[in-house]
Participant: 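Before I ask anything, let me first share the structure, which is written out below as structure tokens.
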Amino acid sequence: PEEDSQRGYDTMENMADAGSWGYQATENMHPPAEHPVLRAPSAIDRVWAEVNLEALSHNATVAQAQAVRKGCKIMGVVKANAYGYGAVPVARELVARNGLDALAVATIDEGLELRMSGLPQDVLLLVLGPIHRSKWHLCSQFAVDMVVNSAAVAEELLGWAAAERSARRLPRSVRAHIMLDTGLARLGLAATTDKDCEAAAQLIRTFAHSHSMGSSLWGSAPTSPTTRARNTCGG
């Protein structure tokens with residue numbers, strides 16, 4: 001009925017005045033009181049994601065079973081807010097239900113978010129991306145592991161850790177993962193020749209003998225769709 005419609009407009013106008021409806025007016029736009037100007041809904045008003053954590057846990061279980069058959073374990077990669085699904089709830093699910101003891105993120109800030117949300121420090125937390133020297137101390141403070149992808153970074157990190165330990169500013173040893181370039185040709189120490197591998201092995205030994213550092217060795221997948229296409233084309 002017209003009366004109900006008018007009442008509805010009056011209600012919207014009152015709400016718009018209070019800011020609830022995003023009422024907008026300019027000097028050149030004076031709409032009648034019964035026709036408030038409503039802002040068009042944004043994408044966030046119309047689109048959302050419903051994440052089924054049980055399904056996610058099931059998928060992780062399948063991946064774990066395949067890894068066990070090969071003598072491997074699973075590291076949950078939850079970078080970029082778990083690819084939009086929510087890093088904190090996804091990480092909690094993977095640790096609590098699937099027993100994952102290793103997670104990876106892209107930045108130190110993402111790592112700190114998980115630690116501050118209550119992620120136990122006995123769960124390995126690896127930052128895949130570079131960490132600025134000014135934030136290296138956070139790796140020690142919050143038990144966050146970092147990646148070393150060049151000899152230059154390794155040398156700088158070892159010197160920094162030794163100085164910090166001498167000054168008693170390291171709550172715990174900093175754990176570094178030496179990254180080898182195993183074919184992806186993006187990041188990591190060269191591992192093409194015997195000389196390359198010996199250099200990497202020597203770096204591991206240097207870290208092992210450091211009282212303020214721990215280390216491991218790892219590499220990315222040998223190929224990606226991009227490198228496969230480049231190799232196929234002879235690039």
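Side chains included, hydrogens not; waters and symmetry mates left out as well; all remaining heavy atoms used. It should be emphasised that the depicted structure is a prediction, and the values quoted were computed from it without experimental measurement.
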Participant: Evaluate Val174 against Trp136 for side-chain contact (heavy atoms from CB on, under 4.5 Å), listing each step before the verdict.
Facilitator: CA-CA 8 Å; Val174 177; Trp136 284 353; over 6 Å; no
Participant: Judged by atom type as modelled, is there a donor-acceptor pair below 3.5 Å linking the side chain of Arg175 to the main-chain atoms of Met146?
Facilitator: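 No, Arg175 side chain to Met146 backbone: no donor-acceptor pair under 3.5 Å.
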Participant: Report, as yes or no, whether the 6.0 Å neighbourhood of atom CG on Asn52 holds more than 12 heavy atoms from other residues, nucleotides or ligands.
Facilitator: yes
Participant: Compare every heavy atom of Cys139 with every heavy atom of Ile131, then report the nearest pair and how far apart it is.
Facilitator: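 Looking at all heavy atoms of both residues, the closest pair is CD1-SG, 3.7 Å.
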Participant: Can Met75 be reached from Val62 by stepping across I, L, V, M, F, W or Y side chains whose heavy atoms are under 4.5 Å apart?
Facilitator: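 Different hydrophobic clusters.
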Participant: Report the distance from atom CD of Glu198 to atom CZ of Arg205, rounding to the nearest 0.5 Å.
Facilitator: 5.0 Å
Participant: Give the minimum heavy-atom separation between Val148 and Ala176, together with the two atoms involved.
Facilitator: CG2-CB, 3.8 Å
Participant: Please determine which of Val90, Val95, Val105 meets the side chain to side chain contact (heavy atoms under 4.5 Å, CB included) test together with Leu114.
Facilitator: Val105
Participant: Show the numbers, then the answer: is there a side-chain contact (heavy atoms from CB on, under 4.5 Å) between Glu93 and Tyr85?
Facilitator: CA-CA 12 Å; Glu93 183 76 6; Tyr85 293 138; over 6 Å; no
Participant: Quick check: closest heavy atoms across Lys79 and Ala106, and the distance to 0.1 Å?
Facilitator: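 Closest approach of Lys79 to Ala106, heavy atoms only: CB-N, 3.4 Å.
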Participant: What do the steps show when you test Ile108 against His132 for side-chain contact (heavy atoms from CB on, under 4.5 Å), and what is the final call?
Facilitator: CA-CA 9 Å; Ile108 183 65; His132 192 271; over 6 Å; no
Participant: Any side-chain to backbone donor/acceptor pair from Glu110 onto Ala80? Under 3.5 Å, distance only.
Facilitator: yes
Participant: For Arg133 versus Glu156, what's the shortest heavy-atom pair and its separation?
Facilitator: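 Of all heavy-atom pairs spanning Arg133 and Glu156, the closest is NH1-OE2, 3.0 Å.
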Participant: Taking all non-hydrogen atoms of both residues, which atom of Leu100 and which atom of Ile74 are closest, and how far apart?
Facilitator: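 That closest heavy-atom pairing would be CG-O, 3.9 Å.
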Participant: Take Ser117 and Arg92 through the side-chain contact (heavy atoms from CB on, under 4.5 Å) test and state the conclusion after the steps.
Facilitator: CA-CA 9 Å; Ser117 73; Arg92 286 176 176 169; 4.0 Å; yes
Participant: Are the side chain of Thr206 and the backbone of Gln202 linked by a donor-acceptor contact shorter than 3.5 Å?
Facilitator: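 Side chain of Thr206 to backbone of Gln202: a pair is present.
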Participant: Within the distance-only criterion (no hydrogens, no angle test), does the side chain of Arg115 pair as donor or acceptor with the backbone N or O of Phe142 below 3.5 angstrom?
Facilitator: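 Present.
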Participant: Considering residues at least two apart in sequence or located in another chain, which fulfil the salt bridge (Lys or Arg N to Asp or Glu O under 4.0 Å) criterion with Asp196?
Facilitator: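 Partners of Asp196 under the salt bridge (Lys or Arg N to Asp or Glu O under 4.0 Å) test: none.
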Participant: Work out which heavy atom in Ala60 is nearest to a heavy atom in Asn98; give both atom names and the distance.
Facilitator: CB-ND2, 3.6 Å
Participant: Is there a donor-acceptor contact under 3.5 Å linking the side chains of Gln66 and Arg69?
Facilitator: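 No, no side-chain donor-acceptor contact under 3.5 Å.
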